[in-house]
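The structure displayed is predicted, hence computed values, not measured ones. Protein chains get the first letters and strands the later ones, always in sequence-line order, with residue 1 at the start of each.
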Amino acid sequence: MSTHQPPLPQAAPGGSYPGYISPIPVVRTHLGHAIASEWTKIRSVRSTMWTLGVFVLLVVGIGLLAGALVSNSSSSGDLSGASALSLGFFGLLLGSMCIITLGVLTTASEYGTGMIRTTMVACPSRARVLVAKAIVFFSVAFVITLAASAFVAMTQVSMLDGVTRTPTSGEWLKGTVGVSLYIALLGLLSLIIGSVIRHSAGAVTIMIGAVLAPLVIALFMFSSSLEKVRTALFEYSIPNQLSVFYSNSLGDSGPSGWDPLWIILGVTAVAFAGAYALLEKRDV
Amino acid sequence: MIELAGLTKRYGDKTAVDDLTFTVRPGIVTGFLGPNGAGKSTTMRMILGLDHPTAGRVRIDGKRYEQLKDPLTYIGALLDAKAVHGGRSAFNHLLCLAQSNGIPRARVAEVLDTVGLTAVARKKAKGFSLGMGQRLGIAGALLGDPRILMFDEPVNGLDPEGIHWIRTLMKTLAAQGRTVFVSSHLMSEMALTADHLVVIGQGRLLADTSMADFIRTNSRSYVRVRSPQRERLLDVLHGAGITVVETGTGALEAEGGKAEPIGELAAQNGIVLHELSIQQASLEEAFMQLTAESVEYHAHTDSPPVPQAWGTGWDKGA
Ligand SMILES: Nc1ncnc2c1ncn2[C@@H]1O[C@H](COP(=O)(O)OP(=O)(O)OP(=O)(O)O)[C@@H](O)[C@H]1O
Ligand SMILES: [Mg+2]
């Protein structure tokens, strides 16, 4: 391809262009404008209400059900080693599918409808659009997950008072703020995948596959020569990493403590950089 | 003012836009004409920074689109009326656009009123008819009261009243000193609205001319004559130095826009005339002639589709 650039037609003298002057005050747009716009977008569609509604229902419903089952069936002392907080795990694992879906829809649905062109015309800085979407979605996902998981945790702890051990403040922090950050980051990763794949169903499938596949594959690795891979797949699978937030066992291998959070933070950061590079390079 | 210089876009092997250089000036309506697949929408997407040009460049008042700090108050565009999230109401759709450019919230109600959608402002966009969707898209373009407006086939799906409205709107906008750039495949539509014409075919520039010039050079007029004494009439007209073309239907077409000399010649020679009328080749015909070689998707009008024998297409393709 030639790098030759034909000369542009001459600019008007003085560099000023004639024409209509709008009475609307000129505003230098910034990230704040993009965030306000994305907030209007996310709150003005039904899919947000649906995904978040089902999420809260799953987390609270399954959490309370688990609490009730355990408090009725177990005799005092059985579970004294575990804290009641860990019962929140099942609801959150299922509920994460809703957050994944909402994350994907935040970006991919705009490609499905063609709205993305309108968005990018209104805000030509592609980085700003992606960052604004990420901030708005992450905040919404974090706040909702925190509210739901904290409510479930408090209810379960009071239901199982005496049956299980009282959680320490460190466990409280991991079981509420920790898991909420993890779930919100998982959703953010889905948003990024949605921006790369540009197809809602495709991106949701990929993310659900990423959550479930390692665990399922590990289950079918019978051969002893694959023992190491099998353990790694299991330990680093997303469900297992999520469960780390509820356990205080420091296993000899695999992530423990706050490790899962740092892992997903790293993965999300790398994915974000990749998605941004692609967004700049591709046509809208 | 929109300036294109050597603008080129390739998708793989396919050259959608091929070395386009032209300028869209303020104060007039510039029509952007071309048959299906000519590259009009691709050109508009490149102007708006959505598609990266393969070569060449485009400047809006000297700047790249990405350099505009307040794009919507500078340039408003209607690309595809369906480019809205169907689940969002017209009001919220415009509100999120306004917010992204710091445009006062009050403008949303104003433009909804301008396009006549106030009554359905809170209704979901997916329930909108083609024409209502088009009006919502136009509302989005007008939102920032911009100095440059770009419409990709705005009359698509509008009823006659809507078409009349958009025509008047475009002329009013241009009269206020704005740059108005509008695409269409209908020459007749452009003849009524545009002051300047840019015609492309298969991505290449075919014409960049004022509407008046285009009409002057392309609207050939001739006189149609029918007579039972056709041979005698031909002789007489030839004798008088008038160029005549015979048509298949038996009528004669005489060059030049005057009927009087032909009528008088016939009377002097006692020739009976059945028809003597001035005909004007339509602009649509002129446009079709101009783009004839570059039309990509022909319908087969001259021969009815004949079912091909199995396998006849294969030898060529292999
Ligand atoms: N994203 C794309 N990938 C591949 N080819 C494309 C793409 N966009 C457009 N084209 C091709 O480029 C050519 C020009 O398309 P474009 O949509 O710009 O034409 P148009 O003049 O707007 O046509 P119409 O009048 O039908 O709207 C077409 O042949 C089209 O197939
Ligand atoms: Mg088009």
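- A salt bridge links Glu38(A) with Lys133(A): the closest approach of a Lys/Arg side-chain nitrogen to an acidic carboxylate oxygen falls below 4.0 angstrom.
- Environment of NE2 in His199(A): sparse, with no more than 12 heavy atoms of neighbouring residues, nucleotides or ligands closer than 6.0 Å.
- Chain A forms more heavy-atom pairs under 4.5 Å with one residue of Thr179(B), Thr73(B), Leu50(B), Asp70(B) than with any other, namely Leu50(B).
- Side-chain contact between Met150(B) and Ile2(B): present, with at least one pair of heavy atoms (C-beta onward) separated by less than 4.5 Å.
- Most heavy-atom pairs under 4.5 Å with chain A, from the set His85(B), Lys82(B), Glu66(B), Arg107(B): that is His85(B).
- Using a 4.5 Å heavy-atom cut-off against chain A, the contacting residues of residues 98-106 of chain B are Gln99(B), Ser100(B), Asn101(B), Gly102(B), Ile103(B), Pro104(B).
- Of all heavy-atom pairs spanning Pro124(A) and Tyr65(B), the tightest one is CG-CE2, 3.5 Å.
- When side chains are defined from C-beta on, Glu153(B) counts as touching His185(B), because their heavy atoms get closer than 4.5 Å.
- Close approach to chain A, defined as a heavy atom under 4.5 Å from one of its heavy atoms, is seen in Arg45(B), Leu48(B) of residues 41-48 of chain B, taken by number.
- The number of heavy atoms from other shown groups lying within 6.0 Å of CH2 (Trp165(B)) is above 12.
- Expressed to the nearest 0.5 Å, how far CG of Leu4(B) lies from CG of Asp19(B) amounts to 10.5 Å.
- Counting heavy-atom pairs closer than 4.5 Å to chain B, the top-ranked of the candidates Ala36(A), Ser47(A), Ala34(A) is Ala36(A).
- Interface with chain A: from residues 131-142 of chain B, no residue qualifies, criterion being any non-hydrogen pair under 4.5 Å.
- Using a 4.5 Å cut-off between heavy atoms, Asp80(B) makes no contact with chain A at all.
- When heavy atoms are compared at a cutoff of 4.5 Å, Ser44(A) approaches chain B by way of both its backbone and its side chain.
- Comparing Gly114(A), Ala122(A), Gly32(A) by how many heavy-atom pairs each has under 4.5 Å with chain B, the most go to Ala122(A).
- No more than 12 heavy atoms of other residues, nucleotides or ligands shown are found within 6.0 angstrom of OH on Tyr276(A).
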In sequence, state the C-alpha distance, the side-chain angles, and the governing distance for Asp283(A) and Lys9(B), and then conclude on side chain to side chain contact (heavy atoms under 4.5 Å, CB included).
CA-CA 11 Å; Asp283(A) 292 337; Lys9(B) 178 71 184 180; 2.8 Å; yes
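- Within the 4.5 Å cutoff, no side-chain heavy atoms of Leu186(A) are placed close to those of Ile99(A).
- For the pair Arg126(A) and Leu279(A), the tightest heavy-atom approach, listed with the atom from each and the gap, is NH1-O, 2.8 Å.
- Side-chain atoms of Ile193(A) and Val196(A), non-hydrogen and from C-beta on, never get closer than 4.5 Å to each other.
- With a 4.5 Å cut-off on non-hydrogen atoms, Tyr11(B) touches chain A through its side chain but not through its backbone.
- Side chain of Thr21(B) to main chain of Gly6(B): a donor-acceptor pair is present (N/O by atom type, distance under 3.5 Å, no hydrogens or angles).
- In this structure, Leu79(B) and Thr118(A) have side chains that are not in contact, with every pair of non-hydrogen atoms separated by 4.5 Å or more.
- Inter-residue side-chain proximity for Lys41(A) and Thr119(A) is flagged as met; some heavy-atom pair is nearer than 4.5 Å.
- In summary, Arg178(B) and Asp145(B) engage in a salt bridge, as defined by a charged side-chain N under 4.0 Å from a carboxylate O.
- For Leu31(A), the side-chain contact (heavy atoms from CB on, under 4.5 Å) partners at least two apart in sequence or on another chain are Ile35(A), Arg128(A), Val131(A), Ala132(A), Ile135(A).
- Note: Val84(B) leads Thr8(B), Val84(B), Leu143(B) in heavy-atom pairs under 4.5 Å with chain A.
- Among Val121(A), Ile21(A), Val129(A), the residue with the largest count of heavy-atom pairs under 4.5 Å with chain B is Val121(A).
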